[in-house]
Novice: 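Quick one: this structure, given as structure tokens, is what I'll be asking you about.
Both backbone and side-chain heavy atoms feed into the values below; hydrogens, waters and symmetry mates do not. Order of the sequence lines fixes the chain letters, A, B, ..., with proteins taken first and strands second; residue numbering starts at 1 for each chain.
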Amino acid sequence: MSFALVDCNNFYVSCERVFDPGLEGRPVVVLSNNDGCIIARSNEAKALGLPMGAPVFRYRRVIRQHGVAVFSSNYALYGDMSQRVMSTLQAAVPEVEAYSIDEAFLHLAPALRTPAFARDLRERVWRWTGIPTSIGLGPTKTLAKIANRFAKRHAPHGVCCLTARNADALLARVPVEDVWGIGPRYAARLQAHGLRTARDLRDADDRWIRQHLTVVGLRTVWELRGRSCLPLEQVRPPRKAILCSRSFGTPQRDLAGIREAVTAFAARVGEKLRRQGSVAAVVSVFLTTKDHGPGPSYSNRATTTLSIPTSYTPDLIRAAHAGLERIYRPGFVYRKAGVMVTGIQPAPDRQGDLFAAPPAPEQSALMDTIDAINRRWGRGTLCFGASGLDRPWQMNQQRRSPRFTTRWNELPVAGT
DNA sequence: TCTGGGGTCCTAGGACCC
DNA sequence: TCTGGGGTCCTAGGACCC
């Protein structure tokens, strides 16, 4: 057992509960951006049959009937709580990979590969952060994932160890579509070929897997056999693409409104770029009417290559606007747009342009100042005028809880 | 009326070069 | 009658993850 997977239970719901204990024992759901879909559910909400990813408007009745508590997503809160969980883990174990906002892989030294250690760790995270977790232990990441699934569903103390002795029995109980790395398409292909459980997949023929599931699927099979192919990645490599996109709170017809949104997206992309110390050479902008009903639809994207890679927001905005002018067609009702940058490189060894003037040093000083102010006082304290003031395109978030841990004026109050 | 957002990796195929 | 071969880079599309 070398790997542990620590997974926060119903993470977003658990975060809401930390600051409102009255939610304990009640059905609670958290919605996606724009209050569209259900993306987190308490156990009580799962028991009511509210599905993951379902559009919330279809379940209004159930929600009202059972008094389900509904929250807009509050990423400022969840991100901060996630950091607290991660630093608790890092205080206990040197090798931690923060895999997602609510999951971490740990590499365990031989002395720590015990259920007792996992139970203690779980207890510690609970006491220090208020977040309940489940922990799975296994010889590979994929097997630790499977152990975690059992920990969550069947283990009384939220801990499960997959060992050479119980592997066969556990894998036989896992449907193949629940294996990490097997999505709906691969699952259908495997089932059609008679492979239904994780154990079937483990014992499948390498050549067939390689041919139908590529090397990625083959790695999964090897991991199921106990051969570790996916190492612990403690340092996140810098992103190769950075994207900001949103569905509009109100659908937009006119170029002006869309241009405002695209301005804000480009500014956000600039922030993310600078935070990881990078510059980007390529700016793409996309626009879509995509809807779930009939009616005329149109989607397009435009890509602009910059002469000098940059993270300077006005340059990104200019490129995004230019792209938008090229793809905008009047007469459609647009629902979503986005800005993406690629061709990302570290800022220091940026490739210069032989024929263009180097960027003025004031540019980075200005960006640093804006970033510092927005970090201190909250995102959007300072923003670019071209992103507009009314912002009808901005997403709906009618039920967001306060940003308890990241805004001074939204701190929880103990007594009055 | 109302269906999220942000990433990764792999493969195939075309353009281009020598 | 009968098209060279091998390498690299880029893009689009498909699959997956949370």
Side-chain angles (χ1 to χ4, degrees), chain A residues 5 7-8 10-12 29-40 50-61 63 70-75 78-79 82 97-105 141-142 145 148 176-190 209-220 223 229-230 233 236-251 261 265 268-269 272-273 276 281-282 284 286 288-293 295 299-301 303 305 333 335-344 394-399:
Chain A
L5 175 63
D7 189 319
C8 300
N10 312 331
F11 181 56
Y12 298 166
V29 298
V30 176
L31 305 182
S32 63
N33 274 329
N34 242 340
D35 292 347
C37 301
I38 297 173
I39 55 164
L50 295 173
M52 179 70 173
V56 66
F57 70 87
R58 287 210 191 124
Y59 294 88
R60 291 257 180 260
R61 275 252 310 278
I63 287 172
V70 178
F71 290 89
S72 301
S73 39
N74 184 348
Y75 285 104
Y78 311 150
S82 174
E97 172 185 345
Y99 173 70
S100 73
I101 194 164
D102 68 338
E103 281 172 87
F105 284 105
K141 284 181 162 182
T142 305
K145 271 267 191 188
N148 189 278
V176 78
E177 67 267 26
D178 286 3
V179 174
W180 189 41
I182 304 300
R185 301 299 180 105
Y186 283 178
R189 221 172 284 180
L190 291 166
I209 295 293
R210 170 71 243 256
Q211 193 187 337
H212 292 89
L213 272 59
T214 81
V215 296
V216 181
L218 191 56
R219 276 201 286 264
T220 297
E223 285 246 321
C229 304
L230 305 170
E233 293 176 27
R236 272 289 122 133
R239 304 241 168 266
K240 295 173 178 174
I242 290 176
L243 169 72
C244 177
S245 76
R246 292 277 180 284
S247 300
F248 302 134
T250 312
F265 301 161
R268 178 76 188 116
V269 163
K272 293 189 196 179
L273 261 179
Q276 75 165 31
V282 179
S284 331
F286 65 88
T288 180
T289 58
K290 199 173 64 116
D291 191 352
H292 299 264
S299 298
N300 208 346
R301 69 168 55 225
T303 300
T305 301
V333 178
R335 299 200 131 74
K336 180 175 178 174
V339 172
M340 180 166 80
V341 293
T342 50
I344 291 178
Q394 203 155 53
M395 61 188 178
N396 297 316
Q397 276 206 316
Q398 296 182 3
R399 300 155 177 277

Novice: Would you mind telling me which residue lines up with the more 5' stretch of DNA chain B, V216(A) or D35(A), judged by nearest nucleotide?
Specialist: D35(A)

Novice: Parallel, tilted or perpendicular: which describes the rings of W180(A) and Y99(A), with under 30° parallel and over 60° perpendicular?
Specialist: perpendicular

Novice: Hey, does I182(A) reach any base, or is it just sugar-phosphate, or nothing, if we go heavy atoms under 4.0 Å?
Specialist: sugar-phosphate

Novice: On DNA chain B, reading 5' to 3', which nucleotide is the first and which the last to sit with an atom under 4.0 Å from a heavy atom of chain A, could you check?
Specialist: dC2(B) to dT11(B)

Novice: Nearest heavy atom decides the nucleotide; on that basis, is T214(A) or R268(A) closer to the 5' end of DNA chain B?
Specialist: R268(A)

Novice: Assign R301(A) to base, sugar-phosphate, or nothing according to its heavy-atom contacts below 4.0 angstrom with the strands shown.
Specialist: nothing

Novice: Taking the side chain from S32(A) and the backbone from C37(A), do they hold a donor-acceptor pair closer than 3.5 Å?
Specialist: yes

Novice: Determine the contact category for R58(A): base if any of its heavy atoms lies under 4.0 Å from a base atom, sugar-phosphate if only primed atoms, P, OP1 or OP2 are that close, otherwise nothing.
Specialist: base

Novice: When all nucleic acid strands are considered with a 4.0 Å heavy-atom cut-off, which category describes R335(A): base, sugar-phosphate, or nothing?
Specialist: sugar-phosphate

Novice: As a check on the pairing definition, encode DNA chain C in dot-bracket form, counting Watson-Crick and G-U wobble pairs whose two distances are under 3.5 Å, and using | for partners outside this strand.
Specialist: ....||||||||||||||

Novice: Restricting to salt bridge (Lys or Arg N to Asp or Glu O under 4.0 Å), what partner residues turn up for R268(A), sequence neighbours left out?
Specialist: E271(A)

Novice: Just call it for V282(A): base, sugar-phosphate, or nothing, with non-hydrogen atoms closer than 4.0 Å on any strand.
Specialist: nothing

Novice: Write down the distance separating the P atoms in dC18(C) and dT3(B), rounded off to the nearest Å.
Specialist: 25 Å

Novice: Counting the atoms with a prime plus P, OP1 and OP2 as sugar-phosphate, which does N33(A) contact under 4.0 Å by heavy atoms, base, sugar-phosphate, or nothing?
Specialist: sugar-phosphate

Novice: Who are the salt bridge (Lys or Arg N to Asp or Glu O under 4.0 Å) partners of R246(A), not counting sequence neighbours?
Specialist: none

Novice: Show the atom names and distances, to 0.1 Å, of all donor-acceptor pairs under 3.5 Å that link a side chain in residues 53-61 of chain A to residues at least two apart or in another chain.
Specialist:
none

Novice: Indicate yes or no: at least one non-hydrogen side-chain atom of E97(A) is less than 4.5 angstrom from one of K141(A).
Specialist: yes

Novice: Looking for any heavy atom pair under 4.0 Å, which part of the strands does I242(A) touch: base, sugar-phosphate only, or nothing?
Specialist: sugar-phosphate

Novice: Mind checking whether T214(A) and Y186(A) have side chains closer than 4.5 Å, heavy atoms only?
Specialist: yes

Novice: Hey, what do you get for CZ (R335(A)) to OG (S299(A)), rounding to the nearest 0.5 Å?
Specialist: 12.0 Å

Novice: Please identify each residue that fulfils salt bridge (Lys or Arg N to Asp or Glu O under 4.0 Å) with D35(A), with sequence neighbours left out.
Specialist: none

